[in-house]
Number of protein chains: 2
Amino acid sequence: MASSIHDLARHLNISIGTVSRALNGRADVNAETRQRVLEAARKLNYSPNQSGRSLRQGATRSIAFMLQPHPGDQQYGEPFFIPFLTGLQAQLAEHDLDLMVVMGEPGQYQPERLRRVVETRRADAVVLANTRREDDRIDYLSRAGFPFATLGRSQSGGDTYPSLDIDFERAGEEAVDRLVARGHRRIAAIRPSLDLNFGYLFLDGYRKALRRHGIEVDPGLIADGFINETGGYQVTSRVMLSKDQPTAIIFNNDAMALGGCKALAEMGIRPGHDIAVIVIVDTPLCRYFSPALTAFRPSLEPMGRRLAEMLLASLPAFAGPEGTRIIREVWPLELVARESD
Amino acid sequence: MASSIHDLARHLNISIGTVSRALNGRADVNAETRQRVLEAARKLNYSPNQSGRSLRQGATRSIAFMLQPHPGDQQYGEPFFIPFLTGLQAQLAEHDLDLMVVMGEPGQYQPERLRRVVETRRADAVVLANTRREDDRIDYLSRAGFPFATLGRSQSGGDTYPSLDIDFERAGEEAVDRLVARGHRRIAAIRPSLDLNFGYLFLDGYRKALRRHGIEVDPGLIADGFINETGGYQVTSRVMLSKDQPTAIIFNNDAMALGGCKALAEMGIRPGHDIAVIVIVDTPLCRYFSPALTAFRPSLEPMGRRLAEMLLASLPAFAGPEGTRIIREVWPLELVARESD
DNA sequence: TGTGTTCTCGTAAACGTTTACGGAAAAACG
DNA sequence: CGTTTTTCCGTAAACGTTTACGAGAACACA
């Protein structure tokens, strides 16, 4: 059906070797011959069969992204990933690389799904997200010697892979600074109960800022919940029922913030009036919620592009003249001040 | 590095043909030999190289999903797709098929990105979403003779491909019925201005129900806007400024509903009190918004699974004993009554 | 003219599979 | 024991590429 390099060769009455060389821009082919080959390729609508190419070159020219819903996230997923993927894919496409998405079991972090990709060599590298503090997937890929990069840091695997993360620590600090400047002393921190690394980073910043302001860290104001709206609802209710209520809450997750505001509304507590609310990762929800939620916003699409670059820089086949480099970056978040604090 | 079928053969001192047959469960191989092969495969950690297999069999065992952000949707994407993808992938995985995601240019519906997949044969079939009434991608795939299925109907391509859609028409009807039953006569319909097919279906249902109730369709109450929060904000403002305000609004898109409610809030109009609001496609936003928005909810994850089945049933290589079938289904939405109407 | 260099191309092997074909050995059958 | 059938396995080709190697022709240079 589709034309192969053999068809071109037959059509032009030359050998397949020459056709291949002409197509790949090698030097040892006559200029006029190359022209004829390119024309014929256009005329016969030729494009190279990726399977054949992969087999010969030992590279698939595709990168796998592991998209793993959180547990309890069945109904709707994080809007976070679409723009990130857009950027990732755009950058990969510039290097003629495809993006393949492998979905993990919601909640589970075992590397089973990854194993398939690695062992059958369906991709040349992997991009991980939602990194945990101790991450089985990172351990597995490291041991297997399979190239990868992560969106988010982890304690697993050392500094052997590229990673791009958001500065949750700094955001935690800034949030506290902002609230303290507005007179708050009792500031709650609500984060997911999973081992997700950003929960720790956020808390580090939160604690650090409190101490800097000479405010004692009250364990009763730090709470973990399920990483979705229901979890936010539950944990917020609990925190607000404590004897010594907070006057401000920092949510470390947008979904939890939504659920939390629901709980507040039911208790007759209005964000922006009766309590201050800041969300660490902004989504459209925050903007269109009433009241609009003050939040820290990441640049997702540029982050996707950047992580693609960083991954490629670590791969021998794509690294530039300086050779392979392991790049790790932490990007700042931008505070978007709205009505809730 | 990774072991091949040749390694197994050498290790067992038999031919690669026998190894392959043993691995693939063919009948013409001695039971004991098969055992030895399987053991060796486990011991040497063998798994078949997908490129080699694809080349030989002319099939990649991967399905491409085209994920195409709407224009103006750069910052965050639709939460819609993650659970759908989860189901799609889960079902494909049961047939040992991979899912590949190809992102389109936001807004553009030309088939360029698809062409790559088709021409270099990187996938065995394609799944499309966000179908438009006239869809270049469907035309292209049809002409190319490349197998595909769609989430959403279209007028392009006839009935030659499997499709699964939500019953937007019925949802439009039900929304009107519900509002009329509550005494509303001036009901606005707000939908995206793009050529997206569901916008038409929704409007058909809306008009049909109005006529059934003997209510004249007022063109001033039907409005199109950009398919995001900003678009919803703008078009809702416009509609509410008309001389003869509606007492109810049906939003055909969750993002537009959010923006619309923002506009209402700024005008001091409270959904559930001063105006009734119904949203056609539910998201977590609707649930945690204040007031919680009455909405129609799809079963995204099951839909993903089902569309995978339907696609496979249309492919000769996977069709069951009854042979290939083109299945088209339209699934109902479930009304989730909340506080906004 | 002879020698060395450059340009251009064909040949063939290789990547890892699957599978059609045929043949040897074993089993079944008379 | 001879013939036929069955069981099992090896051989080799094929899928579509890329690329190392070598060879012929053209050219440069002395």
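Below, read A as the first sequence line, B as the second, and so on, with proteins coming before strands; counting in each chain starts at 1. Computed over heavy atoms, backbone and side chain alike; hydrogens, waters and symmetry mates excluded. All figures in this text were calculated on a predicted structure; none of them were measured in a lab.
Looking at B/R121, its side chain has no donor and acceptor atom pair within 3.5 Å of the base of D/dG16. A donor and an acceptor atom sit less than 3.5 Å apart, one in the side chain of B/R56 and one in the base of C/dT18.
Atom C1' of nucleotide C/dC9 and atom CZ of A/R36 are separated by 12 Å, given to the nearest angstrom. To the nearest angstrom, P of C/dT8 lies 9 Å from CZ of A/R34. We find that CG of B/L23 is positioned 15 Å from P of C/dG16, with the value rounded to whole Å. For the pair B/I16 CD1 and D/dA14 C1', the interatomic distance rounds to 12 Å; values are reported in whole Å. If you take CG of B/D28 and P of C/dA26, they are 18 Å apart, rounded to a whole angstrom. When the C1' atom of D/dC8 is taken as reference, atom CG of B/L12 falls 16 Å away, rounded to whole Å. Whole-Å rounding puts the A/N24 CG to C/dC9 P distance at 15 Å. If you take CD of B/Q57 and C1' of C/dG16, they are 12 Å apart, rounded to a whole angstrom.
Atom OG of A/S62 is separated from atom CZ of A/R121 by 13.5 Å, given to the nearest 0.5 angstrom.
A donor-acceptor pair shorter than 3.5 Å cannot be found between the side chains of A/S54 and A/S51. With hydrogens and angles left out, the side-chain atoms of B/R113 and A/Q89 include a donor and acceptor closer than 3.5 Å. With 3.5 Å as the limit, one finds a donor-acceptor pair spanning the side chains of B/T60 and B/D124.
Using a 4.0 Å heavy-atom distance criterion, A/G17 is classed as a base contact. Within 4.0 Å (heavy atoms only), A/I14 reaches sugar-phosphate atoms of the nucleic acid but no base atom.
The side chain of A/Y46 has D/dT17 as its nearest neighbour among C/dG16, D/dC9, D/dT17. Checked against D/dG10, D/dT17, D/dC15, the side chain of A/H6 finds its nearest nucleotide in D/dT17. Relative to the side chain of B/L55, the nucleotides C/dG16, D/dT18, C/dC9 differ in distance, and C/dG16 lies closest.
With the nearest nucleotide of DNA chain D identified for both B/S15 and A/I5, B/S15 has the one nearer the 5' end. Both B/A27 and A/R21 sit near DNA chain D, but only B/A27 has its closest nucleotide nearer the 5' end.
Here B/N30 does not reach the OP1 or OP2 of D/dT7: none of its side-chain N or O atoms lies under 4.0 Å away. The shortest distance between the side-chain N/O atoms of B/R53 and the OP1/OP2 oxygens of C/dT18 is below 4.0 Å. In this structure, B/S20 does not reach the C/dG16 phosphate: none of its side-chain N or O atoms is under 4.0 Å from OP1 or OP2. The phosphate of C/dT19 has OP1 or OP2 within less than 4.0 Å of a side-chain N or O from B/R26. Neither OP1 nor OP2 of D/dC8 sits under 4.0 Å from any side-chain N or O of B/T33.
Ring-plane geometry between B/F84 and B/F65 is classed as tilted, the angle between the planes lying from 30 to 60 degrees on a 0 to 90 degree scale.
Geometric assessment of B/R328 against the ring of B/Y161 yields a positive cation-pi assignment under the 6.0 Å and 45° thresholds.
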